[in-house]
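Letters go in sequence order (proteins before strands), and every chain restarts at 1.
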Amino acid sequence: MENKHKSARERFIHYFSDESNRRKLAPYISILFGLLAGLILMLLIGQDPIKGYINILNGSIFKGLFEGNFRRLGGTLAIATVLTFTGLSVAFAFKTGLFNIGVGGQMLFGGFIVVLLGNVLTLPKPVHLLVIVLAAAIGGALWALVPGILKARYRISEVVTTIMMNYVAMWTVSYFVRRWIPGHYETESSMIKESASLKFELLTDLFSGSAINLSIILAGLVVVFIWYILEKTTFGYELKAVGFNPDASKYAGMKVNRNILYSMIISGAIAGLAGASYYAGYTNHVKLGVVPNFGFDGIAVALLGLNSPFGVVLSALLFGVLRTGGEYLNAMTSIPKELVDIIVGLIIYFAAATLLIQFMLTKLIKKMKKNDEKHIEEKVVE
Amino acid sequence: MLDFLNQIFPLAIAASIPIMITAIGGLFSERSGVVNIGLEGLMLVGAFTSSITIHYFDQAGNNNEYVVWIAILLAGIVSGLFAILHAYASVSLKANQVISGTAINMLATALTIFFARFLTRSQNISLLNRADRYQKIPILSDIPLIGNWLFTDIYITSFFVLLLCGIAWFIIFKTTHGLRLRSCGEYPQAADSAGINVVKLRYQAVIISGILSGFGGAIYIVTIAGEFNGSVNGFGFLALGALIFGKWKPLNIVFATFFFGFMSTFASLSFVNEVISSFRIPYQFYNALPYVMTLFALVIFSRNASAPMALGEPYDAGKR
Amino acid sequence: MDYVIEMLNITKDFPGIRANDNVTLQVKKGEIHALLGENGAGKSTLMSILFGLYQPDSGVIKIKGQEVKITDPNVANEYKIGMVHQHFKLVHNFSVTENIILGLEPKKTFGRVDITYAAKKVQDLSNKYSLKVNPYDLIHDISVGMQQRVEILKMLYRDAEILIFDEPTAVLTPQEIDELMEIMRNFVNEGKSIIIITHKLKEIKKVADRCTVLRKGKYIDTVDVKNTSEEELARLMVGRDVIFKVDKAPFKPGKMVLEINNLKRTDKVNLSKSLDVEHLELREGEILGLAGIEGNGQTEFIQVLTGLKELESGEILFLGQDISNLSIREKSALGIAHIPEDRHKHGLILDFTLEDNIALQEYYKSPFSNNGILDRGYMKQYAKDIIKRFDVRSGKGELTLTRSMSGGNQQKAIVGREVARNPKLLIAVQPTRGLDVGAIEFIHSELIKARDEGRAVLLVSLELDELLNLSDQIAVMYEGKIVGSLSSEDADENKIGLLMSGGNNVGK
Amino acid sequence: GPKLDYDKGTFTGPYCDDLDVFADAKKAAIGMVTDSGTIDDKSFNQGTWEGIQCYNAKHTSAVKYLQPSGETKEDYINAIDNLVDAGYKMIVAPGFKFENAIFEAQTTHEDIKFIIIDGAPHSGNYVPDIKSNTVSVMFAEEQVGFLAGVAAALQTETGKVAFVGGMEIPAVQKFGWGYVAGVAYANDTYDLNVVVTDYLYQGTFTEVTAGQTIAAGMYDEGIDIIFAAAGGVGVGVINEAKTRTEAGEEVWVIGVDSDQYDAGKYGTAGKSVILTSAMKRVDLAAYNYSGALATNSFVGGKQVTYDIKNDGVGLPANNPNLAADTLTKVDTVVAAMKADTIVAPNTKEKLTTYLTSKGYVTPGTITY
Ligand SMILES: Nc1ncnc2c1ncn2[C@@H]1O[C@H](COP(=O)(O)OP(=O)(O)OP(=O)(O)O)[C@@H](O)[C@H]1O
Ligand SMILES: Nc1ncnc2c1ncn2[C@@H]1O[C@H](COP(=O)(O)OP(=O)(O)OP(=O)(O)O)[C@@H](O)[C@H]1O
Ligand SMILES: [Mg+2]
Ligand SMILES: [Mg+2]
């Protein structure tokens, strides 16, 4: 009720007097700082930063949009979809106290299963899709099971084991692809069948033939689902409790090891879905000898998204925009591609420095409050 | 069999040295309580710095032995400076150390390529000057077995690194400085109340981790790669793995990295070894072998490894 | 004026709270000066300022009349100020010696620590004040009491003249407390000055010369202890009268709730932690106190009872049913509640909100959740009820992060959570450790209430006063065995103390 | 402010000077998309770019390359779209990985010219479908591999040589097959007994350490010449060779794609461990088609093969490390190839046939 009569300034002070609100703001400020740093860099190398940022936006969203060509937006969304999955995978593990560096490997293995089943099964499209999506989740989960067991049973840090599993995934997939589903060239698998492709004509047409595919809907569902699990279910409650304090969780009768395992499996399953999104929606076959970079990008996405499911979506979108827009920028100007990478790196760095940012806000609020007090005092004196 | 081992050992040592010194660098940082997943980036900065340094010497036609050492030294300095970024975020700003480390990796990749392009117009810098490798070392090489394994085909830089590892062990476990360092990683509140400047020590430790990672990156360049190409092939992450695998103890880390080097050398040589290659085992198997073996070794040796207690926790001096 | 320490008009703000508000503290040379106040009154803050951990926002510190700036603990050291913190500042995997010399290590060549020399010095100091520590023991292998002595040695090693003790007795057994008092007197006799923070008025009466009282960050008064009664001190501290004696209804035991027969468990590492409990029983409407010096198997006993550790043989009958093989969760579901010893480590998820913590034992059950889906609305309302009923104070009610709450309020939340479950058996381990009298009073009354409602309460405590005040029956544990059992009428401090130290068996 | 001339390079490649200037060529806007590697891969990304740069140096134009954010068709198409939007009129795409992307792009951008190297556009069925705005440029890697094999066989002191491939992509395979055939030819013709002791694919183009180790293993076995068509793995091979050479051993590497002599240099005397290089003149192709675009003489809809006849492949003009005798013999082979009297095998099957014809009993321990 009272709020109605408050000025914007008062509401600002009121809102940011609360520490948790200040914390929520931090990522936006770090993005701002990162972009600012990018601006300075562009100036330094003698380029027009305004044009630079307009190009980034054009290249990732707007170019053609008003003529009804949604291709660029579609492409950005497609990238953001994969990043949402990998970011969510990392974030989920973080929420439950685990640091999953192995998302790339899990994604690759999930994707391999997708491509395998997309090749060998003959099913009506809806069924085929259902099968491969489930299989992707299972594949990713299987790959995360090893670090999960090692962590739960032997307390071996998942940081090492997931790194190792990335490499193992690369070679395992390489072996089985060449055995079972070799492609025309030795370095890739054969293409999946149409019925297993997540590309959906209506969607593809709507976005003028871009890579956007059904997995964007899946991503939306999974994000909500994970949010729901974490916030609304006893299962999520347990996972978080174990993540924060395994000892107390044990005292409260929770099965700590089992929860670590579940957590790793779910994180892996989400990574597997990233595999489905990428390999059945984007590439339609597997390339050998590489672990997808999306895993490492996922770490950054998760961290910038404060490990919250919806935060991950936002930061995945930002990353999508910067990545696709960055290339356009590179094409349109002589601003090098590395500049965008530097900006992204800086954003993450500033995100780490949230405390500084919060500290500055705190000071600002204090100052504003003090000013207000003085103001009031003066009035009283009058 | 013995021949095969004789062949593997020197190569395995060479392959493990860059990882080893980087892991030892990570050890300093983590023993002081600061997680450092930015090792890969710090190595990369070292790799770049050494390459660009040598590049200029090459261009000047300078082929002296000290060129390599100057490059290594500069790599250490620049990586050490770069590590201040991580120290500032994780010590002064009390940031999430994982985020900061991730940022270090991203920034290192982008910046080194940026500067390589800017300075040499190519992100690929090939070098003429490289580290010397000694086929034989007087007397030492003649020791049976050990002579073949440790003192044959050895890079001078390997001695340097092994010496540094020894010094690291000495500092961490024998000196007052080490005692203080460890106390910061275990329980910084205790260190603080004993009048130890936790912030300063952690800064030092992170910077040392930068310096040693820089050495690692440089040594990777001057022994293994011979050119810079915008990556250190995941060696920094392997170093992080070795650090954990080695339970945060210098000697164990040396063995952990050597184990890994041994396995990957074994794998690579298996391609070539007449007997082994006659089994016609798919090459993917050999390529995966080092990683799989490391997983097994972890199960056997590293159960319940306990990290420094305060690892990853920003220290809040007065909880201000 | 022969004050060694003067802290004049000290003010210190923390975000959102003024921890010290114009506080003045003057300590004379050679006196034991007590600092008294409720939880959160600002005692630790004031001492942290004196020790250089915090900087005051305003105010002056004088040492022997000289104004000084104590910018960090090193400076405090130079002025020969030493402090034993409330939470020990010891590195758990370092040796006693390493902990003591940390920061002031004797050196050999190449910067090596001269550990042999240091250990000898530690040994000498220990002998001099008969502290009986072994310089080479690792901290995590020694008892809390010993750890405290290491802290004391740390000060002595630094030649401290002004010794600050922040709640030193909260973690000690009665014997250890007596020994500590003795040690303190030795120090004073040597001319050292002592500031001691404690909530226990009896102790103040026993050792202190003068006492400064703080309330809600403000200075209240400094009194001569000799001329001030305990009631008077309590009133100064709380600002109202405090009732010390707890009112209990007469003992009316009901059905047998817990019966333990021939419980055995061997601890290979530390034999005194092995268990061999022949018989123990507890009925409805009864408080059974379990006394014993720390480290005599009480912790293990409770862990076996609650399912955290397995037993080797024997039976645990709960309402006639053998529960020895049930899981923690199953036992809890049967109606066993547990207030654990270490509230931070075992009692709470500090990064959860109060709402989530209050549901920690029952979140999986209706009405907290249905079919695995949390009923947030119910949880919130339930948390609000508990907060109100148990007077849990915090910044943002049920949405407060537990980490940001004071120790006393954290404990109230745990007690509230466990008591409100209406358990048939309530196991309370050191439920009032480190709390102020107000909070203690409250928790005691809750335990009594539970008993009077017909619940069985197993109270484990190191504090004899607490046991004697609350229990209907007191069992004493020594080296894993129940060495005696006394009814409250028979029990007194002497008898129990004797049993605790392994003296002859009485009662039974 | 001051402009940082960041990626407009002076890298016009070693052969730029030799290339003819196009008469009445106009300014052209030429874009390039790299595949998995970087622009500075000392291999065919770099070669292609050098060709384009060379054109730019002689006929001041607008040139630009993009390194796509990923390696999928979509990523490639995005990069192509970006270049088209930025006004580039011809897109050069080196690598078979572009086949699908170029297939789509040649239809969506009819007014843009496309050059795909090492592959041909197809709809996913691997049947080339080259539109009139596209040219597919193939190289006869087997021919220059063959020459390398002959040179290796003639130069080896130990009678043992080896081949190290990165990943099994078509171009690398053809280099390898030709190499083995070349050794067989030399054995047969000059009555030698040289063995390709090791023939393997490491499996990546990135594992420098593995490259070094493998090379060490090979040299230890007595192999003295390694033909490395392996990207970063090859870097490791070269590095091991340098180290050994500096320590007094005599071992060699045969470079690939471009003249790798410089990459093999050690010390300051200008010596190199690169015996010779199996060159594939992507720069020439890129240069020529840039010119074609600018002189309006572009004729698309076809596949063009760069081979020994049109100097599209070959050993470098300068070969300081090859003996005069070897050079003469290699020249004979070149002539014979031009006259079609020697046909280097470009498939596995043809290699087997070829070996059999040279009196080899079916390949023993080595699988090609
Ligand atoms: N670092 C801090 N940041 C914010 N508030 C703090 C901090 N330290 C203490 N406080 C607050 O200052 C007040 C005084 O705390 P202090 O520790 O001095 O109390 P205390 O008298 O020692 O209490 P206890 O009896 O529980 O030990 C409390 O309200 C506490 O919550
Ligand atoms: N960052 C903080 N913000 C707010 N209050 C804090 C903070 N840190 C500590 N406090 C409060 O300061 C007071 C003193 O902390 P201290 O370390 O003395 O623990 P304590 O609460 O007295 O613990 P215990 O009850 O276990 O003895 C406590 O009330 C604690 O909750
Ligand atoms: Mg206190
Ligand atoms: Mg307290």
Side-chain angles (χ1 to χ4, degrees), chain B residues 3 6-8 10-12 14-15 18 58 60-63 113-114 116-118 120-135 153 155 220 223-227 229-235 261 264-274 277-278 280 283-284 286-287, chain D residues 4-11 37-42 46 162 164 197-198 200-204 206-221 223 231-233 235-236 238-244 246-249 260 262-270 365-367:
Chain B
D3 275 354
N6 286 346
Q7 194 182 14
I8 290 184
L11 289 165
D58 282 351
N62 193 329
N63 190 23
I113 294 179
F114 183 89
R117 284 262 155 75
F118 179 48
T120 71
R121 311 215 151 204
S122 167
Q123 81 176 63
N124 185 310
I125 311 172
S126 359
L127 310 173
L128 297 178
N129 279 296
R130 282 164 9 272
D132 292 328
R133 185 163 79 184
Y134 295 98
Q135 220 169 6
D153 279 344
Y155 288 100
Y220 169 76
T223 62
I224 294 171
E227 68 168 39
N229 197 13
S231 130
V232 287
N233 260 320
F235 272 34
S264 44
T265 307
F266 171 78
S268 294
L269 282 181
S270 298
F271 283 94
V272 194
N273 184 281
E274 229 175 300
S277 62
S278 70
R280 296 188 183 254
Y283 70 90
Q284 291 95 341
Y286 294 119
N287 279 320
Chain D
L4 266 184
D5 194 9
Y6 180 74
D7 61 0
K8 289 240 170 66
T10 48
F11 271 120
T38 68
I39 193 73
D40 312 296
D41 62 355
K42 298 218 176 106
Q46 186 168 340
V164 176
T197 312
D198 280 312
L200 57 89
Y201 292 96
Q202 194 275 334
T204 72
T206 50
E207 292 285 330
V208 183
T209 323
Q212 195 193 22
T213 308
I214 287 173
M218 289 179 167
Y219 289 137
D220 281 348
E221 271 183 64
I223 289 166
V233 179
V235 169
I238 293 176
N239 197 44
E240 178 67 17
K242 288 185 199 174
T243 310
R244 289 193 180 232
E246 279 177 324
E249 275 183 68
Q260 291 198 293
D262 283 348
K265 276 187 183 163
Y266 57 91
T268 40
T365 50
I366 309 280
T367 29

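- In this structure, the side chain of D:Asp40 does not engage the main chain of B:Ser122 through any donor-acceptor pair within 3.5 Å.
- Listed here is the closest heavy atom pair of D:Tyr266 and B:Leu128: N-CD2, 4.1 Å.
- Of the two parts of B:Tyr134, neither the backbone nor the side chain holds a non-hydrogen atom closer than 4.5 Å to a non-hydrogen atom of chain D.
- For the set B:Thr265, B:Leu11, B:Asn233, the entry with the most heavy-atom pairs within less than 4.5 Å of chain D is B:Asn233.
- Heavy atoms of B:Leu127 lying under 4.5 Å from chain D belong exclusively to its backbone.
- Comparing D:Thr38, D:Asp262, D:Thr204, D:Ile238 by how many heavy-atom pairs each has under 4.5 Å with chain B, the most go to D:Thr38.
- Counting heavy-atom pairs closer than 4.5 Å to chain D, the top residue among B:Val272, B:Asp132, B:Asn287 is B:Val272.
- One finds the CZ atom of B:Arg133 at 5.5 Å from the CZ atom of D:Arg244 (value rounded to the nearest 0.5 Å).
- Heavy atoms only, all atoms of each residue included: B:Ala15 and D:Thr209 are closest at CB-CG2, 3.9 Å.
- The line from CD1 of D:Ile39 to CZ of B:Arg121 is 14.5 Å long, rounded to the nearest 0.5 Å.
- Closest approach of D:Val235 to B:Ala225, counting heavy atoms only: CG1-O, 3.1 Å.
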Where do B:Phe271 and D:Val164 land on the side-chain contact (heavy atoms from CB on, under 4.5 Å) test, with the steps shown first? CA-CA 10 Å; B:Phe271 283 94; D:Val164 176; over 6 Å; no
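- Rounding to the nearest 0.5 Å gives a distance of 7.5 Å between CD1 of B:Ile224 and OG1 of D:Thr213.
- Contacts of B:Tyr286 with chain D are absent, with no heavy-atom separation under 4.5 Å from either backbone or side chain.
- Using a 4.5 Å cut-off between heavy atoms, D:Gln202 touches chain B through backbone and side chain atoms alike.
- Between chain B and the residues D:Asp41, D:Thr206, D:Val208, the most heavy-atom pairs under 4.5 angstrom are made by D:Val208.
- Heavy-atom distances place no part of B:Ser231 under 4.5 Å from chain D, backbone and side chain included.
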